[in-house]
Amino acid sequence: MSSERKVLLERAYPEVLAFCRGLGLVFEVVDLCWGIRNVYSGDHESWEIFLQEIQTCKRISAGPAFVLLLGNRYGHRALPRVIPEKQFEVLMSKLYKKPEGIKQLSQWFLKDNNAVPPTYVLQPITAHFPHYKTQLLQFLRLAAANAEAAGDITAEQKQCFHTSGERHVIVCLLMFQGDSEVREGPKRLAKYMDLTADGLLDAEAQGLLANLKSRLYVSSQKILNLHCVELGKGSVDPKRKEHAEYLDSICEQFVTQMKARIMNRGTSDWMFEEAGQHLAMSAKLCKGLHGRDSLLGKLCLAMWESTNVRHAPLIIHGAAGMGKTALLCKLAQEMRSVLDAGSVVAIRLLSAHHPQRPDIDHVLHSICLQICLACGLSLPSPLTAGAHLELLRFFRNILAQVSQHGNSLLLILDSLDQLSDQHHAQRLHWLPTDLPPNVHLVVSMDTNSEVFANMRLKLASSGNFFEVEHLSHDEGKQVMESNMQAWQRMLTPEQSDAVLRCFDSTGCPLHLKLILSAARRWASFTLIADIHLGTNTQEMMSQLLQMLEEKHGKELVGGALGYLVLAREGLLEAELRDVMSLDNDVISEVYRYSLPPTPSLIRLPPLLWAQLKLDLEDHLEERWVGGVATIAFNNRRLVEVVSSRYLTSQRRRRSLSILAEYFLGQWSGKLKPATLPGLSLLVCDRKVPPQPLWFAPDVANVRKLQELPYHLLHAGLWEELRQEVIGEMTEESRVCGVTSVIHDLDQCSQYMDCTETRLVRDTLVLIKPICFSDMPLFYTELLARLCSLASTFPSVIGRLCSQCEEWLLTCPEPILVPKCSFLQQPGGALQHTLSGLHGGVLCADVSVPAELLAAGTDDGVVAVWSLADQQLIHTLLGHTGAVLCVKVIDNSFHCLSLAADGSLRRWSFINGQQLLCIHKAVPVDSAPSAIHIHMCERRQVLYVYTRTQVNLLQTSWFCLCSGYHFVLMANMKYNFTQYFQFYSDESRLRFPFTTGALLDCLCGSNFPVTSLVFYKGLVVSASTKTASIQLWNLNYDPRHKPIAHAPSGCAHVAITKDADRVFFVREPNQTEVISWNNLTGSLLDHLSVSAPVSCLELSQQKRLLLCGLTSGTVLIYPLLLPQETLCLPPPESLSRVLCLVVSSQERHLAVAYEDSACLFEITTRDSFPTVEGPLQRFSLSLLHAPLSSMALLSDCRLLYGTDCGEVRLHDFTSGGDSRLEPHGSRVTCVTASNWGTHALVGSEDAVQRLWALNPLALDHTMEYKGFYFEGILSAAFSDSDQFLFTGSQDRTVKVWDVSSGNLLYVQLVYSPVARMVTYRNGFVALTQEGFVIKEVFRCPEYISPDYNPLRNVKAQYRVTSREKNRDGQGPSTSDLQDFNPAQLNLNLMSMLRAKPSPACLIL
């Protein structure tokens, strides 16, 4: 039925593939008959392979697993490869009248006594003796018929010699039955029906076929599809109308019924899959463990003794191949039967992730999920899962919670040396060394690994280390007998001796495993001379590969195994077949002696891979990755041998290129050239599927995102990497997570000298982890950090910014779209910000050899960071006062800390333990600047200097002696050619010693710098005003230095509407107004004033800068002619100016003094702006609180608020005055809308009110309470007055709907917003740190009722609105939006929607 197979391959399979991909499924078709002219191999294993593949499909498929195409031909009836001993002897006894039959059966069936029970095995028959097969089958059928007649065998046993294996495949999900009426002669009849050797119709085969069809009709009538077609001219002709309709019908029915059955699939969860996978592997590995009873007893005893006390983890170590993994699996099995029913045993076999090393964050996240689900604890939030430090804290917390609840937990982590070095996991900073009661941690590692050396340093006690040693001869014999019994096999005495002699040379369990894997295939008649065993593990693996090459071909073996090694997360079998079909070397070997069935279509015949997989079954494993089954090696040593044997530099690069081309979809639907032996160049289709980035709007091509970056990078296809991967980084981050993207970019930086790649990577590091699981927030942050670099780097960063903006503009939720960079950018001197503290940093010191930083805080904590990976590794607690000084001593593995409580403490960097404490080493409540520590290494004396005394401490005994002196000490520890001076304005100035010229100014701290430390070309800075520490790289590329922003902490600020200029007044000197060019990051002008400035205001259209002074004078600077200064003289009382405000149309100016408020008119004379007035004035009583903020309406009404929360509306025209509902605290913001319809009044409390002005009425009262909310600072309306933007002390910008008062969006900008002005349908703002924000707001017409603007913010809000018409229901209050940890970034299940579903395989 080649025509039917071909039309399904070309038309039906691609349609079902696209359908499955749209559902997140993987669709595989395994047609073992395709591409093979004769499927019957000489070793008679073909039908066993067929049946094995069927069982595999049924086991792992989430949908239909088998399709049967049945025509008028029953098919080949193969000889049984194995016949049980008793049955064979019965058959031989029935052939006493056929001596030729007895002779041939005795010649081709040999007894194998190694099978339990013994069997007779059919020997390989080469192609030179095809007639033997027919004769043997006739003899066997004759003997079986006689045996059944005599009652020696059953009818079912007799049927084994007649059927084609159809009894194994009756259970099918879909069947096509093709009945055909043939009008042909005898020569072509064989294509459609079974014939005997003399060309007659095979009546026996037709009878078997009729019986099969009748049984299928009865049992599977609902899924049966009947077709009848008249054949002619030797085949189905698609050009004939009736034949084309027949083929169309087959395709239509196949696609329709497949889709219907696939839709009924089930779903699964990745964590349960992973835990189940490790559990299944554990159960499999511990079956063959023998000879470790003594070590298991020691481990169980150690855990029992430490159950009720705090204790350290247990360490299992040994050389590679000693059986550490099997030992831990056996330990888990034994402990499950010993521990209480409610106990939890979690095991992770980290070596199972080779060739790619597992990430510590993924391992810890998976473990935390399993423990939480098993113990009923709260699951880790997306924020926790996305942040390494948060995940470590959560991991330690759940261990403590399990212990507190009285539960028992056994956590087993195998092969820690196989962890990836991400977050420097092999340094074991993440591994707890002090476990609570009832919690046990057992880990294993290679004795010769770096991890073991680090563990030795981490744990001082040798009693927690257990070595797995070599197996003895008797233990090896026991393992051999146990495995053979499990396989229902045995060995002859000579074979057993050969196995044990070879094993004794190493005593290695892995060596023995490889020997037994080969020995299980030996028959009892296998000669000792034909047995060749390697003397060590590597030789055994080399012999295995040599055997595979001789049997299957070197190119096929090398290609298949090489691709498995190179794959990042293993390969699906369909992917492996596709990739090998693209490999011309493999294809040339496969079709060396025969041509492909269709020259225009060349692929690897699936049977060839199935045969190779059968011989590798002991060395491959099924690995479930994201719901699909991939295959990979189960032993990392074999990976190393395969790499060294096949993956030469040239072949590795070529194989990686083929993998990259496959995941790029380069040859999908295209013709690829191929050269076959004896033929000219062919251009043919390889039938590989397309590889789009998205299969459906919500279903990503996860396999492409996982594999493609790795293969492009290592194949050296860097331009494709830049365009295809880095350019699509936003999509990868959505599907695989930002951590995966950072890992890919880290690898890129190791191989590529690409500035854009480094900048993108640094940007991702700067983004807070909470943004990683909320895509609108992530894209906003990405755009707000990279926007200014888009024009400089258009190919990658420009493309990336365009993708972010495009996504934000089509976002189905309200969103603010950045139009400039206003968050910290990559590429400057600032490399890292170390966080994790709660108090300000008073002192710091560096251990250069250990690459550690110790810092003391004002809340008594000494924190220790690893400078290699910027991770907090120790939090040293003990001081009750501020830590005044820290000092690294003793070859950098210890440190001293001196605190305001008078104590001096010595700490170990290795385990974070306190080693010594001396009380009253210095006077209590000493000042930080008055304390110094100096260590004399040669004399082993420690000097503690204060303003009034010097304390000498002998370090060996720490004896204290005192002398009263005043010491001024300067100690330069490093021989630098440059020095730094720092100021309280958050800048660092860099000078050379030789000339003293200023080399650089490092800006961006945002807090006064109070201490500096040097470390390997880095400057470590700290401040008492913040809990973070910053690392600055002195060797950064100044070309990528971000444009400087205005200084932070200014007393008064103003900003132009187009964001090009910023005006500010610095503290404490407020007698100078500075003009700042925001586009170039430089000063423009200094405007001196006669008295301190009390307020600033800008007239945007008329370009006037207004400065109110404490003397009562108002200075007006035209921005186009700053030298032409206007002046409004002070009032007679000389009271200071409190506020300035310009009306929306900029016709009037209001000035508020301490005792009055005046109205002025802004006009123009001779094309020069002037201010006339005052036109009106009203007085303020002495009891009236000072004005704090005000807004001038276009009809000359003044809305103002005071320091005591009073709100009033004064009409300059009529003199009328109205009292509005007061606030409970100081009014900080009064803003009128652009069209004069509304005004916002906000204060330092949680209340802000939106007033309608015509007529005057309170529309909405908006209450917003956050964990850090301290009041509103600024506000602006959109151009249309539809939306309101507010900036608050909680460092957020909020968007409100004016008509309903509802909160639409909350954005964290990391600094309070001091000023806001309207910009189109958005705003321009200036933060207190000096950053300029320019954003536009986009709001879709429809907002989902499930949308929660507070999902990323710990806050709650409530809106109370008035009744706006008589038909209303009265005042309405919106629901209180409470913070819910589950809403922090969606729930767990919604996070997992992007993962692929289980596979759907079709045979």
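- Here the side chain of Thr1327 pairs no donor or acceptor atom with the backbone of Pro1312 at under 3.5 angstrom.
- Side-chain rings of Phe1331 and Phe822 stay apart, their centers remaining 6.0 Å or farther from each other.
- For Leu1240 against Ile1272, the heavy-atom pair with the smallest separation is CD2-CD1, 3.7 Å.
- When atom types are taken as modelled, the side chain of Arg1315 and the backbone of Val1053 share a donor-acceptor pair closer than 3.5 angstrom.
- Residues Phe1277 and Phe1283 place their aromatic rings such that the two centres sit no closer than 6.0 Å.
- Between the side chain of Arg785 and the backbone N or O of Gln824 there is at least one donor-acceptor pair closer than 3.5 Å.
- For Ser1288 (side chain) and Asp1290 (main-chain N/O), no donor-acceptor pair under 3.5 Å exists by modelled atom type.
- Taking a 6.0 Å sphere around CZ of Arg1320, one finds it holds 12 or fewer heavy atoms contributed by other residues, nucleotides or ligands.
- The distance from atom OG1 of Thr1080 to atom CG of Asp1060, rounded to the nearest 0.5 Å, is 10.0 Å.
- To the nearest 0.5 angstrom, Trp1076 atom CH2 is 9.5 Å from Leu1084 atom CG.
- Closest approach of Leu1273 and Val1313 over heavy atoms only: CB-O, 3.3 Å.
- In summary, the side chains of Thr1318 and Lys1057 do not present any donor paired with an acceptor at a separation below 3.5 Å, with no hydrogens or angles considered.
- Under the 3.5 Å distance criterion, with hydrogens and angles disregarded, a donor-acceptor pair is assigned to the side chains of Ser821 and Ser788.
- Between the side chain of Thr1202 and the backbone N or O of Pro1186 there is no donor-acceptor pair closer than 3.5 Å.
- To the nearest 0.5 Å, atom CD1 of residue Ile1055 and atom CG of residue Leu1096 are 12.5 Å apart.
- Note: Trp1296 and Tyr1264 have perpendicular aromatic rings, judged against thresholds of 30 and 60 degrees for the angle between ring planes.
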Test salt bridge (Lys or Arg N to Asp or Glu O under 4.0 Å) applied to Glu1146 and Lys1102, step by step: CA-CA 8 Å; Glu1146 298 190 357; Lys1102 297 187 177 180; 6.0 Å; no

CA sep, side-chain torsions, deciding dist, call: Arg1208, Glu1206, salt bridge (Lys or Arg N to Asp or Glu O under 4.0 Å): CA-CA 7 Å; Arg1208 289 191 177 190; Glu1206 186 180 8; 2.6 Å; yes

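- Side-chain polar atoms of Arg1147 and Ser1194 form no donor-acceptor pair below 3.5 angstrom.
- No donor-acceptor pair closer than 3.5 Å links the side chain of Glu1097 to the backbone N or O of Leu1106.
- A donor and an acceptor atom, one from each side chain of Ser1133 and Asp1155, are located under 3.5 Å apart.
- Ring orientation note: the planes of Phe1285 and Phe1323 are tilted relative to one another, at an angle of 30° to 60°.
- For the pair Ser1094 (side chain) and Val1137 (backbone), a donor-acceptor distance under 3.5 Å is present.
- Counting only N and O atoms by type, the side chains of Thr780 and Gln1307 include no donor and acceptor under 3.5 Å apart.
- The minimum heavy-atom distance between Ser1280 and Asn1321, with the atom names listed, is OG-OD1, 4.2 Å.
- Not a single donor-acceptor pair under 3.5 Å links the side chain of Asp1259 to the backbone N or O of Trp1251.
- A donor and an acceptor atom, one from each side chain of Glu1244 and Thr1228, are nowhere located under 3.5 Å apart.
- Closest approach of Val1227 to Val1241, counting heavy atoms only: CG1-CG1, 3.9 Å.
- Side-chain N or O atoms of Thr1024 include none that pairs as donor or acceptor with a backbone N or O of Leu842 at under 3.5 Å.
- A distance of 6.0 Å or more separates the ring centres of Phe1064 and His1052.
- When every heavy atom of Lys1334 is checked against every heavy atom of Ala1059, the shortest pair comes out as CE-CB, 3.9 Å.
- Taking both residues in full, the closest heavy atoms of Leu1159 and His1148 are given as CD1-CB, 3.7 Å, listed atom of the first, atom of the second, then distance.
- Looking only at atom types and distance, the side chain of His1223 has a donor-acceptor partner in the side chain of Arg1249 under 3.5 Å away.
- Judged by distance alone, the side chain of Asn1077 and the main-chain N or O of Ser1082 form no donor-acceptor pair under 3.5 Å.
- For Ser1233 and His1238, the side-chain atoms include no donor-acceptor pair closer than 3.5 Å.
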